Q: 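Got a structure for you, written out below as structure tokens; questions coming shortly.
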Amino acid sequence: MERLKLNFDINIDGSPNSFTVELPYQEGMVATSEFCPPELLVGSIDLLAALRGETLDKFIADSRLLLSAISRISDVENLLDRFIGGLMVMVMNHLSNNENLSLGDLLLYVDCFSLLLKAAGFTHSEIREMYPEIVKAIITLYPDSIIS
């Protein structure tokens, strides 16, 4: 499996920002689950699919959607709040276009969010700690819309 570097450029509050995400790539798929706790992969999610991630095109589209949302958010105190707001835009956008959001798709969104946080300079331990809390918060906000 090779390592792929993807660069994303956006403006945040009028300032240019660049985020470089590095992730495993093989046969059109990128592995996105670097920060996903193994406990979240047990049960209704196929472990192999969760570890493999998603297609490169889908990951790029998800990353661009998240970064586009982040670039439009204002009146936040810090970069983390901006990223969380962008993730919530992704979730709400999905739910406005679909009746439900599968837990697997939610984890892919949080994977994308986490990899971009890493590119923004957050530490591995910070991201690992917040990952399950963010998943729990979203499930709590949309208990009837997140399905296994």
Side-chain angles (χ1 to χ4, degrees), residues 1-41 45 47-98 100-143 145-146:
M1 187 173 283
E2 65 182 278
R3 301 275 312 163
L4 184 66
K5 283 187 179 184
L6 302 171
N7 191 55
F8 299 97
D9 296 316
I10 64 166
N11 283 316
I12 297 177
D13 290 334
S15 299
N17 287 266
S18 183
F19 300 96
T20 301
V21 176
E22 187 175 341
L23 62 173
Y25 173 79
Q26 184 175 353
E27 297 176 13
M29 300 290 292
V30 290
T32 61
S33 61
E34 177 179 349
F35 298 99
C36 186
E39 306 82 58
L40 292 177
L41 301 178
I45 298 175
L47 183 60
L48 182 58
L51 290 175
R52 290 197 68 201
E54 60 185 339
T55 67
L56 176 59
D57 290 343
K58 180 75 170 108
F59 178 79
I60 290 171
D62 287 348
S63 296
R64 286 183 177 154
L65 177 62
L66 177 58
L67 291 169
S68 175
I70 288 168
S71 72
R72 293 188 313 268
I73 293 173
S74 59
D75 298 326
V76 292
E77 292 190 22
N78 57 55
L79 189 59
L80 179 58
D81 288 344
R82 185 179 294 275
F83 269 80
I84 291 171
L87 176 61
M88 293 310 299
V89 167
M90 286 181 77
V91 170
M92 291 184 292
N93 182 53
H94 184 103
L95 290 174
S96 72
N97 293 319
N98 303 279
N100 297 303
L101 173 62
S102 72
L103 182 57
D105 284 342
L106 173 59
L107 293 179
L108 286 172
Y109 288 159
V110 179
D111 285 347
C112 179
F113 162 86
S114 298
L115 290 164
L116 286 166
L117 278 179
K118 179 181 175 184
F122 287 80
T123 68
H124 194 274
S125 61
E126 288 172 322
I127 299 166
R128 279 289 251 196
E129 187 176 314
M130 74 177 80
Y131 191 109
E133 296 301 320
I134 289 171
V135 171
K136 180 181 175 184
I138 293 170
I139 291 171
T140 300
L141 282 172
Y142 302 103
S145 300
I146 309 297

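Atoms considered below: every heavy atom in the structure, side chains included; atoms not considered: hydrogens, waters and symmetry mates. The shown structure was predicted, so the numbers you read here are calculated from the model rather than taken from an experiment.
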Q: Pair Lys58, Leu108 - check side-chain contact (heavy atoms from CB on, under 4.5 Å), show working.
A: CA-CA 10 Å; Lys58 180 75 170 108; Leu108 286 172; over 6 Å; no
Q: Return yes if some donor-acceptor pair links the side-chain N/O of Asn17 with the main-chain N/O of Ser15 below 3.5 Å, else return no.
A: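 Yes, because the side chain of Asn17 sits within donor-acceptor range (under 3.5 Å) of the backbone of Ser15.
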Q: Show the nearest heavy-atom pair for residues Met130 and Phe122, with the distance to one decimal.
A: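 Shortest heavy-atom contact: CE-CD2, 4.4 Å.
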Q: Give the minimum heavy-atom separation between Phe113 and Leu66, together with the two atoms involved.
A: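 Taking Phe113 first and Leu66 second, the nearest heavy atoms are CA-CD2, 3.6 Å.
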Q: So, do Phe59 and Val21 sit near enough that their side-chain heavy atoms are less than 4.5 Å apart?
A: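 Side-chain contact under 4.5 Å: yes.
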Q: Ala120 and Leu79: which non-hydrogen atoms are nearest, and at how many Å?
A: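 Residues Ala120 and Leu79, closest heavy atoms: CB-CD2, 3.9 Å.
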Q: I'd like to know if the side chain of His94 reaches the main chain of Asn100, judged simply by a donor and an acceptor atom lying under 3.5 Å from each other, with no hydrogens or angles considered.
A: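 Judged by distance alone, yes, a pair lies under 3.5 Å.
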Q: Rounded at 0.5 Å granularity, tell me how far CG in Leu95 sits from CD1 in Ile146.
A: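 If we round to the nearest 0.5 Å, Leu95:CG and Ile146:CD1 are 5.5 Å apart.
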Q: Hey, what do you get for CG (Asp57) to CG (Asp62), rounding to the nearest 0.5 Å?
A: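 Taking CG in Asp57 and CG in Asp62, the distance rounds to 11.0 Å.
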Q: Could you state the interatomic distance from OG (Ser63) to CD1 (Ile10), rounded to the nearest 0.5 Å?
A: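 Here the rounded value is 11.0 Å.
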Q: Considering only heavy atoms from C-beta outward, does the side chain of Pro24 approach that of Glu2 to under 4.5 Å?
A: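 No. Closest side-chain heavy atoms not under 4.5 Å.
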Q: Can you confirm whether Ile139 sits close enough to Leu103 that some side-chain heavy atom of one is under 4.5 Å from a side-chain heavy atom of the other?
A: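 The answer is yes; the side chains approach within 4.5 Å.
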Q: Testing the basics here: between Gly86 and Ile70, what is the closest heavy-atom pair and its distance to 0.1 Å?
A: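 Smallest heavy-atom distance, with atoms named: CA-CG1, 4.1 Å.
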Q: Could you pull out the closest heavy-atom pair between Ser18 and Asn7, with the gap in Å?
A: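 So the minimum-distance heavy-atom pair works out to OG-OD1, 2.8 Å.
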Q: Which value, rounded to the nearest 0.5 Å, describes the distance between Ser114 atom OG and Tyr109 atom OH?
A: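 If we round to the nearest 0.5 Å, Ser114:OG and Tyr109:OH are 14.5 Å apart.
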Q: With a 3.5 Å distance limit and no angle check, can you tell me whether Asp105 reaches the backbone of Leu101 through a side-chain donor-acceptor pair?
A: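 No, the answer is negative, given that no donor and acceptor are paired below the 3.5 Å cut-off.
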Q: Using the rule given for side-chain contact (heavy atoms from CB on, under 4.5 Å), can you reason through Ile138 versus Leu87, listing the C-alpha separation, both sets of side-chain angles and the distance that settles it, and then say yes or no?
A: CA-CA 10 Å; Ile138 293 170; Leu87 176 61; 3.9 Å; yes
Q: Answer yes or no: is there a donor N or O on one side and an acceptor on the other, between the side chain of Arg82 and the main chain of Ile73, under 3.5 Å?
A: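 At least one qualifying donor-acceptor pair exists.
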Q: Give, for atom CZ of Arg72 and atom CD1 of Ile12, the distance between the pair rounded to the nearest 0.5 Å.
A: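 Separation between the atoms: 12.5 Å.
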Q: Can you establish whether the number of heavy atoms outside Glu22 located under 6.0 Å from its atom CD is more than 12?
A: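 Enclosed: over 12 neighbouring heavy atoms sit under 6.0 Å from CD of Glu22.
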Q: Tell me, yes or no, whether the heavy-atom count around Asp9 atom CG, taken from other residues, nucleotides or ligands under 6.0 Å, exceeds 12.
A: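 More than 12 within 6.0 Å, yes.
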Q: Does Ile60 reach the side chain of Val30, with side-chain heavy atoms less than 4.5 Å apart?
A: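 No, every pair of side-chain atoms sits at 4.5 Å or beyond.
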Q: Compare every heavy atom of Cys36 with every heavy atom of Asp111, then report the nearest pair and how far apart it is.
A: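 Scanning both residues completely, I find the closest heavy atoms to be OD1-CB, 3.8 Å.
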Q: Verify side-chain contact (heavy atoms from CB on, under 4.5 Å) between Thr123 and Arg128, making sure each step is shown before the conclusion.
A: CA-CA 9 Å; Thr123 68; Arg128 279 289 251 196; over 6 Å; no
Q: Just how far is it from atom CG of Leu115 to atom CD1 of Ile127, taken to the nearest 0.5 Å?
A: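 Leu115 CG to Ile127 CD1: 8.0 Å, rounded to 0.5 Å.
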